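Let me begin by presenting the structure, written as structure tokens, before commenting on it.
Position 1 is the first residue of the sequence, and the numbers go up from there. Any value given below was found using the heavy atoms of this structure, including those in side chains, with hydrogens, waters and symmetry copies removed. Remember, predicted model here, so these are calculated numbers, not experimental data.
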Amino acid sequence: MPYRAPVTDYKFLFQNVVNLPQVTATDVFAEADTDTIDAILTEAGRLCEEVLHPIQRNGDLSPAVLENGVVRTSPGFGEAYHQIAAGGWISTSASPEYGGMGLPMTVTTAVNEMMAAACLSLQLNPLMTQGQIEALENHASDEIKALYLPKLISGEWCGTMNLTEPQAGSDVGALRSKAEPNGDGSYAITGQKIFISWGDNDFTENVCHLVLARLPDGVPGTKGISLFIVPRNIPDVDGAPGIANSLKVVSLEHKMGLHGSPTAVMQFDGAQGWLIGDAHDGMKCMFTMMNNARLGVGGQGIGAAEGAFQHALAYANDRKQGRSSIVEGTGTIIDHADVRRMLTTMKADIFAARAIALACAKAIDMGTATGDADWHARAAFLTPIAKAFGTDTGMSVSEMGVQVHGGMGFIEETGAAQYYRDVRVTAIYEGTNGIQSMDLVARKLMDGGEAAFALLEEIESHAEIARATRPRMAGLVWGATETLREAVEWMVAQDNLNTRFAGSVPFLRGFARVLGAHYHLKAACAEAENGPYTKLARFYINRLLPEHLALLAHATCGADDLYALTPEDLSV
């Protein structure tokens, strides 16, 4: 079934919900006028519809394989990648100094989401490279930048991130990889890394690995970790990929989904690498890439949701089953109330998650353009919400997509199940959604809730204005925001972080529910009374927003009942 890029939705959101003109009014992004952005969205949409979506099934049916030490990618992936690179889609937000477009992250977020909807397995490759580009722009030496950035930005080379080790999952500080000085400014990197997305491929000239390792004088834990760039092929004096480095792909993981994206076990045996940033400051440097990836992964979840929704909608519009329950119905299952409930829920949650992700990207852009600490705080606060709610939406929407198909959804030939299998990992990598929620209630509330309360003030101020034209919806949003305010106050008052952690997941989701209602209300206020966005907002606010009450009640229960049952009790 064909994919149609939701370009109209992005344009509407940019103008009426997240206020992208505020970004393009700054000196930094002044060249990104409306006509330019519209043309970019249209062309990116064409690429996704005509080039990427046709190879979506290839990745599932003909996975990447490791043959004699060489990764062979799925049919059509190499050709599609080269079109992505040729169009400049890897470097939309990269610095123009090294060949990037310098566009707002808000635009890049929309483009990446479309690419994820069309072919998630392949889109993960440029997403990793984008994060590496940002890390190098912010932390690498001028020599490293001059050598690597033009190649990464052009897509001739691609990038990965190497954090996880067999004995050290989310506890990165427990890594064992080591780095020994070579005496010439480079280092010998030794160790094994697992779960390395796109650890190798057969369509780029080089693969550049950002690797966390410990120097001989590095202290235990995360404070003693340094970051190194370790290329598959060591560049020669002219910057061309030269001799092979001392690293290899040991194996590719056998996964639940995302089969077109090779997930590698990487072995480094004294591989030559170069320090990025200061010694022992690797986590700070890597977090630049990780935060970029967290927003990007949230977008992957939303993209997969969009793909699954369109797949299910097409099926519902075509499948005839039973009698229509409405007058002048279509005669297909889209007439049935429960099918309509699922499809509308899917669309409403996609809109909410998309708006949250774009609002996060907009805050990043404003922070970049103005240097304002409040915008940086807004971006930091929204990042875990965008990642977790975006990927949760990807999972729930793709699961509903299978349900809309009924028995045919369980049959692989329909392609409905692929969306769920592919998107499931997004809630796990770049920090599990549980870790995102813990970050939200701990580090992101270290300011006493200042960033959270500023956001709540904004929501309530808009709700007050909206009472003039959308009184009922505005009242419900305002009331939900007050409930959320009380939950934030409760979290801030807890000195024991484990008490916060016990309710962190429902807290994040409850916050996302209210944020989603806010953005739906803004959309409704921007069009006529019975416009499509207004009708969608009414559904979300009436039916989905009330979930915030149960979620926030759960969030503020404390931790005692979680630990009342012992491990022995749980095993009975």
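- No side-chain donor-acceptor contact under 3.5 Å links Ser91 to the backbone of Met101.
- Not a single salt bridge (Lys or Arg N to Asp or Glu O under 4.0 Å) links Glu205 to another residue, sequence neighbours left out.
- Note that the CD atom of Gln272 and the CG atom of Asn182 stand 6.0 Å from one another [nearest 0.5 Å].
- Scanning both residues, Leu445 and Val441, for their nearest heavy atoms gives CD1-O, 3.6 Å.
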| side chain to side chain contact (heavy atoms under 4.5 Å, CB included) between Val51 and Ile84, worked out | CA-CA 9 Å; Val51 177; Ile84 292 171; over 6 Å; no
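- With contacts defined as side-chain heavy-atom distances shorter than 4.5 Å, the pair Tyr419/Gln56 qualifies.
- By the 4.5 Å heavy-atom criterion applied to side chains, Asp278 and Lys284 are not counted as neighbours.
- Applying the ring pair (Phe, Tyr, Trp, His ring centres under 6.0 Å) criterion to Phe228, with sequence neighbours excluded, gives Tyr187.
- Taking the six-membered ring where tryptophan is involved, the planes of Phe203 and Trp198 are tilted, since the angle between them lies from 30° to 60°.
- What you find for Leu210 and Ala135 is that their closest heavy atoms are CD1-CB, 4.1 Å.
- Residues Thr370 and Val28 form no side-chain contact, since every pair of their non-hydrogen atoms from C-beta on lies 4.5 Å or further apart.
- In this structure Lys522 satisfies the salt bridge (Lys or Arg N to Asp or Glu O under 4.0 Å) test with no other residue, sequence neighbours excluded.
- In this structure, Asp392 has no salt bridge (Lys or Arg N to Asp or Glu O under 4.0 Å) partners at least two apart in sequence or on a different chain.
- The list of ring pair (Phe, Tyr, Trp, His ring centres under 6.0 Å) pairs with a residue in residues 108-128, not counting sequence neighbours, is empty.
- Between the side chain of Ser154 and the backbone N or O of Pro150, at least one donor-acceptor pair lies under 3.5 Å.
- The heavy-atom pair separating Thr263 from Phe195 by the smallest distance is CG2-CA, 3.5 Å.
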| request: Start with the C-alpha gap between Arg378 and Glu458, add the side-chain angles, then the distance that decides, and say whether side chain to side chain contact (heavy atoms under 4.5 Å, CB included) holds. | output: CA-CA 12 Å; Arg378 172 71 59 90; Glu458 188 175 302; 3.2 Å; yes
| task | Please report the C-alpha distance between Thr36 and Thr24 in whole Å, then the side-chain angles of each, then the deciding distance to 0.1 Å, and finally whether the side chain to side chain contact (heavy atoms under 4.5 Å, CB included) criterion is met. | result | CA-CA 11 Å; Thr36 299; Thr24 57; over 6 Å; no
| task | Might you work through the side chain to side chain contact (heavy atoms under 4.5 Å, CB included) test for Val423 and Met395, ending with a clear yes or no? | result | CA-CA 6 Å; Val423 78; Met395 291 191 300; 4.2 Å; yes
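- The shortest side-chain heavy-atom distance between Gln132 and Ile229 falls under the 4.5 Å cut-off.
- Residues meeting the salt bridge (Lys or Arg N to Asp or Glu O under 4.0 Å) test with Glu450, sequence neighbours left out: none.
- Listed here is the closest heavy atom pair of Gln192 and Pro166: OE1-CG, 3.6 Å.
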Review item, side-chain donor-acceptor pairs of residues 215-223, under 3.5 Å, at least two apart:
from   : atom 1 : to     : atom 2 : distance (Å)
Asp217 : OD1    : His280 : NE2    : 3.4

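- Within the structure, ring pair (Phe, Tyr, Trp, His ring centres under 6.0 Å) pairs that include any residue of residues 353-393 comprise Phe381-Phe511 (at least two apart or interchain).
- When the ring pair (Phe, Tyr, Trp, His ring centres under 6.0 Å) test is applied to Trp89, no partner is found at least two apart in sequence or on another chain.
- For the residue pair Thr73/Asp202, the side-chain donor-acceptor check at 3.5 Å is satisfied.
- In terms of heavy atoms, Gly296 sits closest to Leu127 at CA-CD1, 3.8 Å.
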| task | Let me see the working for Arg294 and Glu430 under salt bridge (Lys or Arg N to Asp or Glu O under 4.0 Å), right down to the final yes or no. | result | CA-CA 6 Å; Arg294 283 172 175 170; Glu430 301 310 330; 5.5 Å; no
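- Interatomic distance, Leu120 CG to Leu124 CG, rounded to the nearest 0.5 Å: 7.0 Å.
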| message | I'd like to know whether Arg46 forms a salt bridge (Lys or Arg N to Asp or Glu O under 4.0 Å) with Glu49, so could you lay out the CA-CA distance, the side-chain angles of the two residues, the decisive distance to 0.1 Å, and finally the verdict. | response | CA-CA 5 Å; Arg46 184 203 62 78; Glu49 293 171 355; over 6 Å; no
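- Rounded to the nearest 0.5 Å, atoms CG (Leu247) and CD1 (Ile234) are 8.5 Å apart.
- The distance from the CG atom of Asp60 to the OG atom of Ser74 is 9.0 Å, given to the nearest 0.5 Å.
- With a 4.5 Å cut-off on side-chain heavy atoms, Phe351 and Thr393 do not count as touching.
- Within the 4.5 Å cutoff, the side chain of Met128 has no heavy atoms near those of the Cys158 side chain.
- Rounding to the nearest 0.5 angstrom, the gap separating the OG atom in Ser437 from the NZ atom in Lys444 is 11.5 Å.
- For the residue pair Ala305 and Gly394, the shortest heavy atom distance occurs at CB-CA, 3.9 Å.
- For Ser95, the side-chain contact (heavy atoms from CB on, under 4.5 Å) partners two or more places apart in sequence, or in a different chain, are Glu97, Tyr98, Glu137.
- Note on residues 103-112: pairs passing side chain to side chain donor-acceptor pair (under 3.5 Å), not counting sequence neighbours, are Thr92-Thr108, Ser93-Thr108, Thr106-Asp365, Asn112-Gln130.
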Please table the atom pairs, donor to acceptor, closer than 3.5 Å between any side-chain atom in residues 4-18 and protein atoms at least two apart or in another chain.
from  : atom 1 : to     : atom 2 : distance (Å)
Asp9  : OD1    : Tyr533 : OH     : 2.6
Tyr10 : OH     : Glu113 : OE2    : 2.9
Asn16 : ND2    : Phe12  : O      : 3.2

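- With rounding to the nearest 0.5 Å, the separation of NZ in Lys387 from OH in Tyr429 is 8.5 Å.
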